[in-house]
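Residues: numbered from 1 along the sequence shown.
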Amino acid sequence: MKSYFFLPPVRQAAGGVTVLRRLAAFLAASGREAYLVPREMQGQGPGWAPSEAFVEAPVVAWDELSLKPGDLWVVPEGWVNALSPGLQAKARCLVYVQNWAYLLSALPDDVSWRSLPVEFVAVSDPVARFVAATTGRAAPILRPGIDAALFCAPDKKPDPAGGIRIASMPRKNKALAKQIRETFNALDEGLAARCQWVEIAGMTAREVAGALQGAHIFLATGFPEGCPLPPLEAMACGCLCVGYMGFGGADYMRQALPQTLAEGADPAPFAPWWPLREVGWGGNGLWSADADILGAALHLQTAAQWFASGSPDLAQTLALTLDNARATAAAYTLDIQRQCVLELWQRLESV
């Protein structure tokens with residue numbers, strides 16, 4: 001079975017394109033025939049640079065693509081029109097849903113997923129639930145991975161006494177991130193004055209890792225999300241995460257606040273309404289409902305207080321949360337992703 005991965009015509013490759021490139025690379029390295037098919041010439045910038053974590057699969061030009069029955073044509077969920085070559089060739093079409101938010105929004109008005117001869121793979125447990133609910137079809141889960149050799153905790157973090165460093169990615173809901181920061185500053189001006197903000201933008205992966213290794217807290221403002229990698233990378237780098245799940249983040253995000261706040265505390269700890277899968281770690285962050293600005297700011301205040309306070313109890317709570325965060329990140333390594341990719345393709349090949 002030959003596998004072809006469609007790469008959409010984006011100006012700068014984001015995490016989703018990197019995941020597709022990595023899947024094809026894993027398969028090619030295993031001896032399988034796997035190819036990348038960019039719709040246009042590859043873009044420039046950090047996202048398109050050759051990765052130290054994998055060697056690219058071979059590339060087939062769009063104009064030279066010739067699918068056959070029995071081939072596997074893999075397309076990300078937001079590019080439904082790209083299914084056409086696979087459907088016309090009667091190839092096996094596989095939609096990799098990396099963000100639930102684009103599964104339905106990309107469909108033409110007169111088209112339904114239920115009417116298309118396609119299969120689905122989901123990037124996380126919440127996304128698989130969304131796929132099943134909206135298409136009536138089960139989706140195996142294929143989670144992404146992070147480069148644990150790059151994203152890892154430093155031997156020692158900077159002393160918080162010299163400034164509590166809060167990292168964020170402003171491209172993720174920039175306006176809301178600004179409001180959270182403004183609200184946090186207004187809650188306690190004295191505490192805010194002890195904090196330093198680190199904006200992560202326009203950096204290479206190595207530069208991102210360096211910024212996270214030098215930070216104490218990571219503010220996650222991304223939603224909607226399929227299985228967000230930045231919070232995982234921050235956890236691996238020893239950051240305390242605060243912010244939004246984006247729905248898909250509930251694959252691994254678990255609330256730490258019920259362990260620390262008394263009943264009736266303000267705000268009450270957020271909990272998803274849908275069932276969460278069993279995981280091998282406890283509370284790994286301070287999570288709020290998506291778009292809850294005040295809740296996120298209050299949780300950010302709590303996180304900063306954990307670093308600013310000399311309380312042994314808070315220090316113990318912080319250490320436990322960071323231990324859970326490291327255990328979380330360890331479950332999303334590239335080696336685990338590679339193993340899952342090969343196991344999934346073995347199942348696909350047997351059908």
Is a side-chain donor-acceptor pair under 3.5 Å present for [Y] with [X]?
X      : Y      : answer
Arg32  : Ser30  : yes
Glu33  : Tyr35  : yes
Asn284 : Thr328 : yes

Should the ring pair Trp73 and Trp62 be called parallel, tilted or perpendicular, given that the plane angle runs from 0 to 90° and is split at 30 and 60?
->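 Geometry flag for Trp62 against Trp73: tilted rings.
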Return the orientation label for the Tyr332 and Tyr252 ring planes: parallel under 30°, perpendicular over 60°, tilted otherwise.
->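 It falls in the perpendicular class, over 60°.
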Just wondering, more than 12 heavy atoms not from [X] lying within 6.0 Å of its [atom1]?
X      : atom1 : value
Arg194 : CZ    : no
Tyr102 : OH    : no
Gln346 : CD    : no

Side chains of [X] and [Y] in contact at under 4.5 Å (non-hydrogen atoms):
X      : Y      : result
Leu20  : Leu7   : yes
Pro158 : His216 : yes
Trp306 : Leu240 : yes
Trp100 : Phe247 : yes

Does Glu56 use its side chain to pair, donor to acceptor, with the backbone of Arg21 at less than 3.5 Å?
->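 Here the side-chain-to-backbone pair does not exist.
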For Thr333, enumerate each residue passing the side-chain contact (heavy atoms from CB on, under 4.5 Å) test, keeping only those at least two apart in sequence or located in another chain.
->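 Thr333: side-chain contact (heavy atoms from CB on, under 4.5 Å) contacts with Ala148, Asp335, Ile336.
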Is the gap between the ring centers of Trp345 and Phe26 under 6.0 Å?
->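 No; Phe26 has its ring centre 6.0 Å or more from that of Trp345.
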What residues form a side chain to side chain donor-acceptor pair (under 3.5 Å) with Lys172, not counting sequence neighbours?
->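 Side chain to side chain donor-acceptor pair (under 3.5 Å) list for Lys172, sorted by chain: Glu225.
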